[in-house]
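The figures that follow rest on heavy atoms only: side chains count, while hydrogens, waters and symmetry mates do not. The sequence lines fix the lettering, A, B, ..., with proteins before strands; numbering per chain opens at 1.
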2 protein chains.
Amino acid sequence: MKTSSPSDAGMPAEPKYSETALRILEAAERLFVELGLEATSLRLITQQAGVNLAAVNYHFRSKDALFEAVFARRFEPWARECLRELERLEARSSAGTARFDAEAVVMCYVRPALALSKDPSRGGALFVRLFSRVLVENHRALRETLSRDWGHLVTRYTEALGRVLPGLSAEEIAWRLHLGFSVMFHAFAGNDILKLFGRSAVSARDPDLIVKHVVPFVLAGMGAAPRFGDGTP
Amino acid sequence: MKTSSPSDAGMPAEPKYSETALRILEAAERLFVELGLEATSLRLITQQAGVNLAAVNYHFRSKDALFEAVFARRFEPWARECLRELERLEARSSAGTARFDAEAVVMCYVRPALALSKDPSRGGALFVRLFSRVLVENHRALRETLSRDWGHLVTRYTEALGRVLPGLSAEEIAWRLHLGFSVMFHAFAGNDILKLFGRSAVSARDPDLIVKHVVPFVLAGMGAAPRFGDGTP
DNA sequence: CAGCGTCTCAAACGTCTGTTTTAAACATAC
DNA sequence: GTATGTTTAAAACAGACGTTTGAGACGCTG
């Protein structure tokens with residue numbers, strides 16, 4: 001095999017999938033992103049993976065469990081990276097070697113998404129597209145897992161953003177984070193309204209280019225002065 | 001019936017659906033939003049609508065055609081409103097009775113979305129949620145219709161935004177519009193990452209509240225200074 | 001009352017779905 | 001070399017799916 005860097009810091013990075021299971025995961029990932037969960041049949045997955053139909057129910061328990069495995073395989077490393085980035089920023093800020101501002105916090109979750117998008121061995125931009133689907137459709141089981149195991153991640157980012165935008169209420173902070181996450185995910189996923197209307201102009205599949213346009217937008221949005229009561233300034 | 005204001009400016013506003021067809025449209029709309037196209041069966045739709053299964057294929061040709069009808073019924077009035085708002089702004093701006101700035105342009109598409117969200121007789125926020133799904137999944141037939149019949153709408157908004165943000169390149173303008181549309185739609189649709197992680201805080205179903213938080217964010221983002229080459233200012 | 005579209009209804013169509021079952025191939029350890 | 005647990009293979013399962021059919025009910029207009 002090729003995976004696992006020498007020092008696996010504590011956690012078991014990958015549940016050690018067999019060759020067959022891996023082929024299934026990869027075909028499923030591509031198809032779930034392209035067609036969605038419901039529109040993708042196990043027969044199509046196994047056919048494209050070049051494995052037998054029954055292998056899915058053997059290696060993963062069910063179609064739903066397969067979906068969760070596909071999601072978790074990409075999500076967990078990414079989420080860990082986001083957390084590590086934030087902790088590193090906090091450490092370097094305490095040491096006085098880095099500024100703790102909005103851009104630094106935003107880059108803590110942009111950087112991992114960028115790295116993921118540029119790494120074909122981790123599926124490239126596929127996962128971001130999958131995540132943007134999960135965000136819109138809502139898969140019960142996944143939501144439970146996320147809020148149980150990764151709720152603290154969001155909490156940490158909320159606190160961090162609160163520190164760098166001291167003038168804003170907790171509610172306002174939550175909104176800024178929500179909007180900031182949202183715009184980044186859908187931009188990375190390429191969910192483009194202009195494209196939907198055949199007026200693309202933004203063809204950009206290049207992740208670096210996406211960052212270049214999204215980050216200034218998000219930073220400006222997050223730092224905006226809040227609007228009072230209704231209209232009247 | 002209750003619809004149609006006295007002076008229907010030219011176009012046939014609604015294709016005059018029969019009672020049964022309307023019940024189907026309404027049940028389908030709700031279910032498509034909740035479960036998605038593939039996961040919603042015609043049997044479930046007709047059951048909730050209290051009509052016979054075959055009625056769907058009689059009134060609409062097929063399941064796909066039903067979906068397009070559901071979409072078009074809400075989309076077209078909304079799109080027409082967006083166009084009218086923009087034309088009104090241009091007229092009032094020429095007459096010197098209104099300022100032609102970024103906020104005015106953004107409000108041209110926010111206002112119709114807000115009005116729609118607050119009007120239960122037009123399905124309330126359901127359509128925005130449906131639209132956000134369409135944006136992520138991509139339904140071939142719908143994309144063709146949109147780019148053929150409504151591509152000019154996007155073109156008009158791109159031009160308008162170019163006028164109020166004169167310092168930016170055409171590519172940059174397209175990006176700002178893409179991101180601005182995107183964040184508004186997903187905010188109205190309630191596609192909230194914080195909610196996904198069980199850290200809601202932004203429960204806000206109130207459309208006015210959404211506007212209050214989204215508009216400053218979008219305006220600031222659109223007016224941001226673009227980022228040069230890479231990092232170095 | 002006859003004639004004729006419009007519409008509803010129950011039943012059936014063939015196909016595809018996720019899942020299970022059975023048997024066979026395989027590797028590794030005794 | 002045989003035993004053992006793991007992985008694959010092909011076929012079959014019951015059920016749900018979108019769609020079609022053909023007969024009948026309804027409300028018209030003549």
Within residues 38-53 of chain B, those residues having any heavy atom closer than 4.0 Å to DNA chain D are Thr40(B), Ser41(B), Leu42(B), Arg43(B), Leu53(B)
For atom CG of Asn57(A) and atom P of dT17(C), their distance in whole Å | 14 Å
With the side chain of Lys63(A) defined as its heavy atoms from C-beta on, choose the nearest nucleotide among dT20(D), dT20(C), dG18(C).
-> dG18(C)
Side chain to side chain contact (heavy atoms under 4.5 Å, CB included) involving Arg61(A) - partner list, sequence neighbours excluded | Ala65(A)
What integer distance in Å separates Ile24(B):CD1 from dC9(C):C1'?
-> 13 Å
Presence of salt bridge, Lys212(B) and Glu171(A), under 4.0 angstrom | no
Are there more than 12 heavy atoms of other residues, nucleotides or ligands under 6.0 Å from atom CZ of Arg140(B)?
-> no
Phosphate OP1/OP2 of dT8(C) contacted by His59(B) side-chain N/O (<4.0 Å) | yes
Nearest-Å distance, CZ (Phe67(A)) to P (dG18(C))?
-> 14 Å
Using a 4.0 Å heavy-atom cut-off across all strands, classify Ser62(B) as base, sugar-phosphate, or nothing.
-> sugar-phosphate
Is the centre of the Phe75(A) ring less than 6.0 Å from the centre of the Trp150(A) ring?
-> yes
Tested for salt bridge (Lys or Arg N to Asp or Glu O under 4.0 Å) against Arg122(B), the lone hit among Glu81(B), Glu76(B), Glu29(B), Glu26(B) is Glu81(B)
Could you say whether Tyr58(A) or Ala54(A) is positioned toward the 5' end of DNA chain D, judged by the nucleotide with the nearest heavy atom to each?
-> Tyr58(A)
Is Glu85(A) salt-bridged to Arg88(A), cutoff N-O under 4.0 Å?
-> yes
Within this structure, what is the CG-to-P distance between Leu22(B) and dC7(C), rounded to whole angstrom?
-> 12 Å
